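Right, one structure below, let's go through it.
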2 protein chains.
Amino acid sequence: MSKNHLYKGTLSAILLKLIEEQGRMYGYELTKRARELTSGDLDITEGALYPALHKLEAEGLLTTEVEKIGNRSRKYYRLADEKGGEARKRIDELAEYARNLQQFLNPKPGHGAA
Amino acid sequence: MSKNHLYKGTLSAILLKLIEEQGRMYGYELTKRARELTSGDLDITEGALYPALHKLEAEGLLTTEVEKIGNRSRKYYRLADEKGGEARKRIDELAEYARNLQQFLNPKPGHGAA
DNA sequence: CCGCATGCATAAGAAAATTACATATATTTG
DNA sequence: CAAATATATGTAATTTTCTTATGCATGCGG
């Protein structure tokens, strides 16, 4: 029972935020963390995840390091130094979006009307 | 300079919310109100608006009343009585989504780690 | 008269996600 | 040990949703 439909459009910014927080993360880890933090509301599927990560890498926002864990390989992502500003900008936009949405849903009870 | 891309997926819920608040609203009015409430961040275009409204109407969530203002006609939308529950459910989901997103961006300083 | 705001609507295309699949290793469970 | 499940990455076909570009018509201000 995911509520993915509402998260549409925020996926790549969410990925950037998680990666920024942890320093580096790999795909599978990102899906688990997102599920945790949203109480299961956001269930990122591979079909959405990997294309999004690849796109961010292609844009130069992320760099990768492949690491062997035993016989299996993980692909770690981290924010690219050169475009760190752009990444942070997108994360900030996400935060501003969240605030706007809150504002929208719970408009400040103006001083005017009782 | 809209930030529409972040709002993807939330449009129909946002429309429901606005209509619920005002009792009834017409298309053009909705675009203006959304722009107002989000300081211009959400600029709903007709190409997104009307298909979304038509879909909600087709789903039975909205009913319409066409009204003549002088020589021009407005199409007012209001929540359908029969499916008012579903509409409110979607609005609640939007609110929960907004809270989750806030939580996600500003995690409560957990008890766990120091 | 011309441009802009109001007001509704559709159509072609792009973007982003869903769903389904493919592959492979590691761990748990009956 | 065999089978199921978790870990781990990826692609492809399809669908949903939005953008961009139109189209039509009224009303008002300069």
Side-chain angles (χ1 to χ4, degrees), chain A residues 1-16 18-19 24-36 38 40-59 61-62 64-77 90 94 97, chain B residues 1-16 18-19 24-36 38 41-59 62 64-77 90 94 97:
Chain A
M1 306 306 74
S2 79
K3 281 163 195 162
N4 281 1
H5 55 112
L6 289 170
Y7 287 88
K8 248 177 209 198
T10 60
L11 180 59
S12 58
I14 281 178
L15 296 176
L16 290 175
L18 290 174
I19 293 167
R24 64 171 201 170
M25 295 192 84
Y26 57 97
Y28 191 74
E29 195 184 12
L30 284 161
T31 69
K32 283 193 303 183
R33 186 115 184 87
R35 230 175 298 127
E36 257 177 50
T38 61
D41 272 4
L42 176 55
D43 181 34
I44 306 175
T45 57
E46 326 91 281
L49 174 71
Y50 293 110
L53 286 173
H54 297 164
K55 196 184 177 194
L56 288 169
E57 192 186 358
E59 288 176 300
L61 294 181
L62 295 178
T64 61
E65 308 152 18
V66 176
E67 216 156 292
K68 284 259 166 187
I69 306 298
N71 221 329
R72 204 149 43 180
S73 52
R74 281 181 190 165
K75 197 169 182 178
Y76 280 96
Y77 290 86
R90 294 203 194 176
L94 181 64
Y97 159 68
Chain B
M1 318 327 73
S2 77
K3 282 163 195 162
N4 281 2
H5 55 111
L6 288 171
Y7 286 89
K8 237 178 215 195
T10 59
L11 179 60
S12 59
I14 281 177
L15 296 176
L16 290 175
L18 290 174
I19 292 168
R24 63 172 202 171
M25 294 191 84
Y26 57 98
Y28 190 73
E29 195 184 12
L30 284 160
T31 69
K32 282 193 302 181
R33 186 116 184 87
R35 229 176 299 126
E36 257 177 48
T38 62
D41 272 4
L42 176 55
D43 180 34
I44 306 176
T45 56
E46 324 92 285
L49 174 70
Y50 293 110
L53 286 173
H54 297 163
K55 196 184 176 193
L56 288 170
E57 191 185 359
E59 289 177 298
L62 295 178
T64 59
E65 308 153 15
V66 176
E67 216 156 292
K68 284 259 166 188
I69 305 298
N71 220 330
R72 204 148 42 177
S73 51
R74 280 183 190 163
K75 197 171 183 176
Y76 280 96
Y77 290 86
R90 294 203 195 176
L94 181 66
Y97 159 68

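Values reported hereafter were calculated over all heavy atoms of this structure, with side chains retained and with hydrogens, waters and symmetry mates removed. As the structure is a computational prediction, the values presented were derived from the model and not from experiment.
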Nearest to side-chain heavy atoms of [X], which nucleotide of [options]:
X	options	value
B:T45	D:dT19, C:dA16, C:dT25	D:dT19
A:K75	D:dT17, D:dT19, D:dG10	D:dG10
A:R72	C:dA26, C:dT6, D:dT11	C:dA26
A:Y28	D:dT9, C:dA26, C:dA9	D:dT9

Minimum heavy-atom distance between [X] and [Y], given as atom pair plus value:
X	Y	result
B:G27	B:L49	O-CD2, 3.5 Å
A:T38	A:L42	OG1-N, 2.9 Å
A:Y76	A:E29	CE2-OE1, 4.3 Å

Using whole Å, report how far [atom1] of [X] lies from [atom2] of [N].
X	N	atom1	atom2	value
A:Y50	C:dT23	OH	P	17 Å
B:L6	D:dT19	CG	P	11 Å
A:I44	C:dT19	CD1	P	15 Å
B:L49	D:dT19	CG	P	11 Å
A:N71	D:dT9	CG	C1'	15 Å

Nearest-nucleotide 5' precedence on DNA chain C, B:H54 against A:K55: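 It is B:H54, whose closest nucleotide lies nearer the 5' terminus.
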Does [X] put a side-chain nitrogen or oxygen below 4.0 Å from OP1 or OP2 of [N]?
X	N	answer
B:K8	D:dT16	no
A:Y26	D:dA8	yes
A:N4	C:dT18	yes
A:H5	C:dA16	no

A:E36 and A:R33 ion-paired at < 4.0 Å: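 Yes, A:E36 and A:R33 are salt-bridged.
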Answer with base, sugar-phosphate or nothing: what part of the nucleic acid does [X] contact at a heavy-atom distance below 4.0 Å?
X	answer
B:R74	sugar-phosphate
B:K68	nothing
B:G27	sugar-phosphate
A:I69	nothing

Side chain A:N4, main chain A:D43, donor-acceptor under 3.5 Å: yes
Donor-acceptor pair (no angle test) under 3.5 Å: B:E46 side chain, D:dC18 base: no
